[in-house]
Number of protein chains: 2
Amino acid sequence: MSFRLLIVEDSPELLEATGDFFREEGSGLWDVVTASDGNDALAKVRGGSFDLMILDIMLPGASGFDICRAARQKSDCPIIFVTALGSENNILKGYETGCDDYVVKPFSLRHLYAKSLALLKRAKKSSDGDILRCGTISLNRNTMLVTVEGREVAINAREYFLLVYLLENKGAVLTRKAILDHVWGDDLDVSDRVVDNTIRRLRESLGSASGQIKTAIGRGYRITEE
Amino acid sequence: MSFRLLIVEDSPELLEATGDFFREEGSGLWDVVTASDGNDALAKVRGGSFDLMILDIMLPGASGFDICRAARQKSDCPIIFVTALGSENNILKGYETGCDDYVVKPFSLRHLYAKSLALLKRAKKSSDGDILRCGTISLNRNTMLVTVEGREVAINAREYFLLVYLLENKGAVLTRKAILDHVWGDDLDVSDRVVDNTIRRLRESLGSASGQIKTAIGRGYRITEE
DNA sequence: TTTTCCGTGACATATTGGCGACACATCGAA
DNA sequence: TTCGATGTGTCGCCAATATGTCACGGAAAA
C-alpha cells in the first residue's frame with residue numbers, strides 16, 4: 001500500500017531533490033508523481049487521484065492556486081503550498097483556496113516531510129471513520145451521500161441507515177431481528193417483511209452494485225465486496 | 001495450552017535473547033519458532049499457523065511488510081513490528097499493512113513481552129466463543145460464515161445450526177435424538193432420517209472437510225479434527 | 001448369514017424471499 | 001388549508017430454494 005503524491009515545482013533541482021527525499025525516506029511509502037509546469041500539473045490532477053499534493057504557487061502556465069481549485073473539484077486530499085514569497089496575502093489566499101498547510105522557501109525537506117506525514121495521517125484517520133466502502137459502494141457519514149462507481153445515487157432514509165448497518169458489519173450475516181433492532185429501533189410492531197422490502201428498495205437504489213447485497217436464506221442478509 | 005509465537009529477526013544475538021526471554025518468562029506459555037531471514041519466515045508463515053508474530057522490518061530476503069501481508073492472507077493473528085528506524089513512515093506503513101503494534105529498537109524485552117501478552121489476550125477474547133474451529137473448518141458465530149481451509153463455503157440454515165451443534169461438542173458423539181432436540185427444537189414430528197440427510201448435505205457443503213464428520217454407527221455423529 | 005444401520009438419489013412438500021400493488025403518513029408548496 | 005409528491009409499512013402471489021420423506025442397495029455388526 002503506497003500513497004500517491006503529486007509534487008509540482010518549476011525548479012528542476014528542487015523538484016528532483018524533493019521527489020528523491022520522499023522516495024528514499026518513505027522506502028516505498030510514496031508513489032511520487034511530478035510536474036514542472038501548471039498545465040502539466042492540471043492534466044495530472046484531472047487524470048488521476050492523489051493522497052497528497054505539494055504545490056508551488058508561482059509556476060509557468062496555471063498557478064498553484066488554479067491547480068488547487070481544480071483538485072478541490074474532485075477530492076479533498078491534503079494540499080501543501082510552497083511559496084517563495086512568504087508574503088501574508090499568498091498564505092491567506094492559499095487557505096482561502098482550500099490548502100491545508102504551507103511552507104516558505106527556503107525550507108527544510110525534513111520539515112516538509114513531517115508536515116506531509118502529519119496531514120496524511122490526519123486525512124487517513126478522518127476518512128477511515130467517516131467513509132464506509134465496500135466494493136464499488138461508498139458511503140460518507142458526514143454528508144450522508146452514497147456513491148456507486150463514483151456516481152452519486154439517490155437513497156431514502158431507511159435505506160441509508162440499513163446500508164450503514166450493513167457496511168458497519170461488512171461481510172457478516174445480519175439477521176432480520178438484528179436489523180430491525182438497529183435500523184428500526186425498539187418501536188417494533190412492524191412485520192419482518194419490511195426488512196425484505198427495504199432491502200429490495202436499497203438494491204434498486206444501488207443499481208449496478210445491487211448484487212453486493214447477498215441473501216443468506218434462513219438467516220438474513222449481508223454485504224460483500226463483490 | 002501454549003501459544004505459537006514466530007519471531008523473525010536477522011540479528012542472531014537479539015533473536016536468541018528474545019526467544020529465551022519469552023521461553024523463560026512464559027515458562028511453557030509460548031511455543032517459540034524463529035527465523036532469521038525473510039524467505040525462511042515466509043515459508044514458516046505459509047506452513048503453520050501462529051498466535052502471535054514479532055517481525056523485524058529490515059531483513060535479508062523478504063521484508064517484514066511482505067511477511068505481514070502473507071500472514072494476513074490466511075489469518076488475523078496479532079503482529080508486532082520491530083523497526084530500527086523509528087521513523088514515522090515505517091510505522092504508518094506498518095499499520096497500513098495490518099500490524100497491530102510496533103516497537104522501536106533499541107527496546108526493552110520486558111516491554112515487548114507486555115505488549116505481546118496484551119495483544120494475545122485481546123485476540124483470544126475476541127475469538128473465544130465467537131469462532132469455533134475444528135481441523136480445517138472454521139465457523140464464526142458473529143458473521144455466521146463458515147470457511148474450510150480459509151475459503152468461504154456456502155451453507156444452508158439447517159446445515160449451519162447443525163454444524164454449530166457439532167462444533168460446540170467437538171469430538172463427542174451426538175445421538176440423533178439429541179441433534180433433533182437441539183437443531184430442530186421441540187416441534188418434532190419429523191423422522192430420524194432428516195438428520196442423516198442434513199448430515200449428508202452438510203458434508204457436501206464442507207467439501208474437502210467432509211471427512212471430519214464421522215458416523216458412529218448405532219449411536220450418532222461426531223465431528224473430529226481430522 | 002442375517003439383521004441392522006446408514007448413504008444416496010429421487011421426489012414431494014414446505015418455507016422463504018422477491019416483487020408488484022396498495023394504503024397510509026409525512027411534508028412542502030400553492 | 002388542500003393537494004400532490006414522496007417515503008414507508010403491509011399484503012398476497014409466485015418462483016426459488018430448502019427441507020422432509022421414501023425406497024433401495026450396500027456396508028457393518030451380530
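A quick note: this is a predicted structure, and the numbers were derived from the prediction, not measured. Below, read A as the first sequence line, B as the second, and so on, with proteins coming before strands; counting in each chain starts at 1.
- The interatomic distance linking R219(B) (CZ) with dA29(D) (C1') rounds to 12 Å, in whole Å.
- As a whole-Å value, the separation of N156(A) CG from dG9(D) P is 10 Å.
- As a whole-Å value, the separation of Y160(A) OH from dT8(D) P is 14 Å.
- Checking dA18(D), dG7(C), dT8(D) against every side-chain atom of T215(B), the shortest atom distance belongs to dG7(C).
- Spacing between atom CZ of R193(A) and atom P of dT15(C) amounts to 14 Å, rounded to whole angstrom units.
- Looking at residues two or more places apart in sequence or on another chain, you find no salt bridge (Lys or Arg N to Asp or Glu O under 4.0 Å) involving K214(B).
- Across residues 197-214 of chain B, N197(B), R201(B) each have a non-hydrogen atom less than 4.0 Å from an atom of DNA chain D (numbered order).
- Side-chain atoms of V194(A) and L180(A), non-hydrogen and from C-beta on, do get closer than 4.5 Å to each other.
- Partners of T136(B) according to the side chain to side chain donor-acceptor pair (under 3.5 Å) rule, which considers only residues two or more places apart in sequence or in another chain, are Q212(B).
- Atom-to-atom distance recorded for S205(A):OG and N156(A):CG is 6.0 Å, nearest 0.5 angstrom.
- Toward the 5′ end of DNA chain D lies the nearest nucleotide of A157(B), the other residue of the pair I217(B) and A157(B) mapping further downstream.
- The ring-ring contact (aromatic ring centres under 6.0 Å, His included) test applied to F22(B) returns W30(B), Y113(B), not counting sequence neighbours.
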Let me check something: any side-chain donor-acceptor pairs from residues 58-65 of chain A under 3.5 Å, sequence neighbours excluded? List them with distances.
{"from": "S63(A)", "atom 1": "OG", "to": "F65(A)", "atom 2": "N", "distance (Å)": "3.2"}
{"from": "S63(A)", "atom 1": "OG", "to": "D66(A)", "atom 2": "N", "distance (Å)": "3.3"}
{"from": "S63(A)", "atom 1": "OG", "to": "D66(A)", "atom 2": "OD2", "distance (Å)": "3.3"}

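- Scored by the salt bridge (Lys or Arg N to Asp or Glu O under 4.0 Å) test, D37(A) finds no partners at all (sequence neighbours excluded).
- I155(B) places its CD1 atom 18 Å from the P atom of dT17(D), with the value rounded to the nearest Å.
- Atom P of nucleotide dT16(C) and atom CZ of R176(A) are separated by 9 Å, given to the nearest angstrom.
- Put simply, CG on D196(A) is 11 Å from P on dC19(C), counting in whole angstrom units.
- A donor-acceptor contact under 3.5 Å is not formed by the side chain of R158(A) with the base of dG9(D).
- A close approach under 4.0 Å does not occur between any side-chain nitrogen or oxygen of W184(B) and OP1 or OP2 of dT19(D).
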